[in-house]
Amino acid sequence: MSSDEKPADAAAAPRSLAEALRARDDAGLAALLRSRPDLITPVPTDLTQLATRAATRASVARALERLDRFALQTAQALAVAGDPASYGELLGLMAGHAGDAAVESALPRALGTLRTQALVWGGDDRLRLVRTARELLAPTPQRPSPTGLGPTVKEATAGMSPGRIQEILTTAGLPTTHDSVSAVAALTALFTDRERLDALLAALPADSRRALERLAWGPPYGQVTADPAPHLRLLLDRGLLMPTAPGTVVLPREVALHLRGGRAHRSPEPVPPAVTAARTHRPDVVDATAAGQAYTALATVEELLKDWDEGGPAVLRAGGLSVRDLKRTAVALDVPEPMAAFWVELAYAAGLVASDGEADERYAATPAYDEWLEQPAADRWSRLAQAWLAATRTPGLVGGRDAKGRALSALGPGLDRSAAPEVRHRVLTLLAGLPEGSAPDPESVLARLRWERPLREREQDGQDGEDLRTRLARWTLSEAELLGVTGRGALAAHGRALLGAPQPPRSAEEPSGPGDKLPVHHHWTPPPPVPPPAERAEAAERAARLLAPLLPEPLDHVLLQADLTAVAPGPLQRPLAEMLDVLADVESKGGATVYRFTPASVRRALDAGRTAADLHAFLAEHSRTPVPQPLAYLIDDVARRHGHLRVGAASSYVRCDDEALLNEILADKRAAALGLRRLAPTVLAAQADPAALLEGLRTMGYAPAAESAAGDVVITRADSHRTPPRTPPEPVPEGPPVPDDTLLSAAIRAIRAGDLAATAPRRPSGTPQAPGELPRTSSAETLATLQAAVLTGQALWVGYVNADGAASQRVLAPVRVEGGYVTGFDHTADEVRTYPLHRITGVAELEED
């Protein structure tokens, strides 16, 4: 018996799944509801309804999808076994005639999994697969069994004439019988007797035996002509092949099992494939590499949002980024387009970017981005990593097409895959099981995932033919490296903390060379579910604490070069970095960032309100080297010309105290498009607007400055564009969430109470009642019975109809009857309640124990 079923005598063996569930203790019911959370939505009224719901096609199919390969193979073997089957018969189908120690060791665990999930019920002598599961897994002509087995002799001869069955008996060397039922039974007995069937097969010619062997492992169906060859006719005459349709024959299940040595599966897989280590690095090297990549991830997200600071790309009508905008973003970040899609989706998942919701809808940073910038670097990283781990949006799908052939775009609809969080968490958990510093062989990780969820391999979601979980796992490995959760392929210490994983095995006790494997555990247990949000938040805080010491400290200085460049040997403090972004252009990135000073960049700083003296003082303060003379000359030269010309709105105008300079502009052919004419010796009017006039004069090599209506210089500092407050996108769940202990406890109490009301034995009354029908008694009889129960303390079976007309059965122990109401302890609700007498349809006494 399984641990979640109470021992019982053979005479008291459960006759149905509901009775088997009724025999479980609360821990057994909790395990069922935890493994199949769809059964608790909504909470069943009693155990009969729970059993009915557990046997529905949708729920059984969902449960089968979550079985590991060996548990699924066990269910498939039960689907081709007798109904009921004994444990010995099941073991024979799984281990074969020769036996298999690994199968014998793992079978109790697999059978326990099926029992826990209510896919199998009954004792070891009468194992029953839930009927719906048998229908899904048993072989049919339209849908062969995954085992490759065909129908039994009884099923294959169902449409055969009685005379033909008797002919087969005679040819097989058996005496004829008086009816088809006994004839089929005799033929089945022959095919299940190993010695007699060996003798029958030994007498066959080699061609006949080869024909049977080709069908033995499936598919069991073959094609024959109207006049079969002699070696095939021999098999048909002896019933070793059965006709199923004109030109089609099938190998009976009993014969196939004999040819297979009793195995239902060619290759049982009782033990999960081991995850192997492809490379091993020192743990400190892994942590340092991952920390460096984590800082790069922060810098990339900042650069992305800085590029979109004044308003990002437009939102497509169907939602998402256009292909052109994604390309522009990839160029701005200097990364490939798939990687750009990952960073955009990561910022979106973390709530740092969203649509602004305006008429001309665009993507922009959210107010949360400004708060995020003020946090320590480790906390900023943990927010990104936590959002990535829990997100159902899948950037790897960008560029593909959905089921209707529509292109999938970054930030657009159709990217949610509910399995993504589970796969990410499971892949990283497998990495956490390796010794410190070990980078896994990706193919071994994929093989392990396929063993754990074999039915999910059918979820095709790409043109390359790979199943969705495999693609998600590949993306997880690459994205974890980009984000700095792993370093050189191995899980870093802060990545391990992000999972809440235990300490890794000691390197001295575990293999560390390439190709080494994890220890094999025959008593494998299914992986735990994804932790709830509270636990994930605590794990993220621990990860941030581990990462913080590994991140570089921001610098407060740069190294100025004579070639008008500045080298930042590391990350810069935010005020210094922001000022340099205005004063210079980024020329190259890497371990050190190179900035280049140009006339345009210096003019940009002057336009932002800085003076030449401010710029000289800033560079002198933050440079570890003297300010080069060429740079000082550049600043002074641009400042000398900056603002000498003034542009205002008239349509627009140019004014300058230097008449010769205005004459020079008028004489320049490049100024023809601006429509300039002299209004006064020091003023030119233009047909272009002020912005176009400013840009045109700067293109001609001048350094004009805009001025206000009062004649003051206008400081042109870009305004940041922010969306209204936005919440991060909610992950799309794969199904009902796993219930917590509080919900499980309450649900089990409600189910038990409802079952008590539905199954409580009643004393027979004069009026017979159908099962589930409410008791019916007159008002006087109801009142008298309730008053008597108050005196005796007896519980009653009560029928009740509420104000909405919903009828229910309750077990009530009355304590007071007065004023048209009865008050008592309601065992169904597990609390004291008061009910109006006029809503009670009737009462009945319960049988005494």
Side-chain angles (χ1 to χ4, degrees), residues 297-373 384 387-388 391-417 479 482 578 581-582 585-586 604 607 688-692 694-695 716-732:
L298 294 178
T300 304
V301 173
E302 286 187 43
E303 186 175 358
L304 168 68
L305 273 298
K306 190 182 299 179
D307 188 52
W308 292 5
D309 194 58
E310 299 174 41
V315 180
L316 292 175
R317 181 177 302 177
L321 286 180
S322 67
V323 175
R324 180 180 302 173
D325 287 329
L326 181 61
K327 288 181 178 179
R328 288 173 179 167
T329 302
V331 171
L333 298 180
D334 194 22
V335 296
E337 289 176 37
M339 198 178 297
F342 168 71
W343 294 120
V344 169
E345 284 288 343
L346 179 64
Y348 177 60
L352 305 180
V353 67
S355 166
D356 59 12
E358 297 180 0
D360 183 18
E361 198 172 13
R362 310 186 74 81
Y363 288 106
T366 65
Y369 171 64
D370 299 307
E371 300 172 5
W372 180 75
L373 283 177
L384 294 180
W388 168 74
T392 54
R393 292 187 62 82
T394 310
L397 295 173
V398 173
R401 296 193 174 272
D402 62 10
K404 296 182 178 180
R406 295 172 298 196
L408 297 171
S409 58
L411 299 180
L415 293 185
D416 282 290
R417 296 295 181 271
E479 291 169 3
L482 282 177
E578 291 177 349
D581 284 339
V582 177
D585 298 323
V586 176
R604 188 168 63 230
D607 286 343
D689 60 77
L694 278 168
E695 184 62 30
T716 55
R717 184 181 294 113
D719 293 327
S720 298
H721 180 61
R722 294 290 181 266
T723 70
R726 295 280 192 263
T727 56
E730 287 291 332
V732 178

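Just so you know, residue 1 is the first one in the sequence shown, and it goes up from there. Every heavy atom of this structure was used, including side-chain atoms; hydrogens, water molecules and symmetry mates were not.
Qualifying side chain to side chain contact (heavy atoms under 4.5 Å, CB included) partners for Arg317, counting only residues two or more places apart in sequence or in other chains: none. With sequence neighbours excluded, the residues forming a side chain to side chain donor-acceptor pair (under 3.5 Å) with Arg722 are Asp309, Asp370, listed by chain and number. Applying the salt bridge (Lys or Arg N to Asp or Glu O under 4.0 Å) test to Arg362 and every residue at least two apart in sequence or in another chain returns Asp360. In this structure, Asp334 has no salt bridge (Lys or Arg N to Asp or Glu O under 4.0 Å) partners at least two apart in sequence or on a different chain. Residues that satisfy the side chain to side chain donor-acceptor pair (under 3.5 Å) test with Trp343, not counting sequence neighbours, are absent from this structure.
Ser322 is not listed as a side-chain neighbour of Lys327, based on a closest heavy-atom distance of 4.5 Å or more. Side chains of Leu321 and Leu316 form no contact here, defined as non-hydrogen atoms less than 4.5 Å apart. Counting heavy atoms from C-beta on, the side chains of Leu346 and Leu352 never come closer than 4.5 Å.
Applying the side-chain hydrogen bond (donor to acceptor under 3.5 Å, both in side chains) rule to pairs touching residues 298-307 yields Glu302-Arg380, Glu302-Arg574, Glu303-Lys589, Lys306-Asp581, sequence neighbours excluded. Counting only residues at least two apart or in different chains, side-chain hydrogen bond (donor to acceptor under 3.5 Å, both in side chains) contacts with residues 345-356 comprise Glu345-Arg393, Ser355-Glu361, Asp356-His721.
Remark: of the listed residues Leu408, Asp402, Val732, Leu408 is the sole one forming a side chain to side chain contact (heavy atoms under 4.5 Å, CB included) with Leu415. Screening Thr723, Val353, Leu305 for a side chain to side chain contact (heavy atoms under 4.5 Å, CB included) involving Tyr369 leaves a single residue, Leu305.
Taking all atoms of both residues into account, the shortest heavy-atom contact from Ala341 to Ala410 is CB-CB, 4.4 Å. Across Pro724 and Pro367, no two heavy atoms sit closer than the pair O-CD, 3.8 Å. When all heavy atoms of Thr366 and Gly351 are compared, the pair lying nearest together is OG1-O, 2.7 Å.
A donor-acceptor distance shorter than 3.5 angstrom exists from the side chain of Thr394 to the backbone of Thr392, with no hydrogens or angles considered. At distances below 3.5 Å, at least one donor-acceptor pair connects side-chain atoms of Tyr363 with backbone N or O atoms of Gly320. Proximity of a side-chain donor or acceptor of Arg406 to a complementary backbone N or O of Ala403 within less than 3.5 Å is not detected.
To the nearest 0.5 angstrom, Ser409 atom OG is 10.5 Å from Asp325 atom CG. Note: Glu730 CD to Asp416 CG = 11.0 Å, rounded to the nearest 0.5 Å.
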> Arg604 and Asp607: salt bridge (charged side-chain N to carboxylate O under 4.0 Å, His left out), yes or no, with the steps?
Replying inline: CA-CA 5 Å; Arg604 188 168 63 230; Asp607 286 343; over 6 Å; no
>> Assess the residue pair Val398 and Leu326 against the criterion (side chain to side chain contact (heavy atoms under 4.5 Å, CB included)); give the C-alpha distance rounded to whole Å, side-chain angles, the decisive distance to 0.1 Å, and a yes or no.
In response: CA-CA 10 Å; Val398 173; Leu326 181 61; 4.1 Å; yes
>> The test is side chain to side chain contact (heavy atoms under 4.5 Å, CB included); show your working for Phe342 and Val335 and say whether it passes.
In response: CA-CA 10 Å; Phe342 168 71; Val335 296; over 6 Å; no
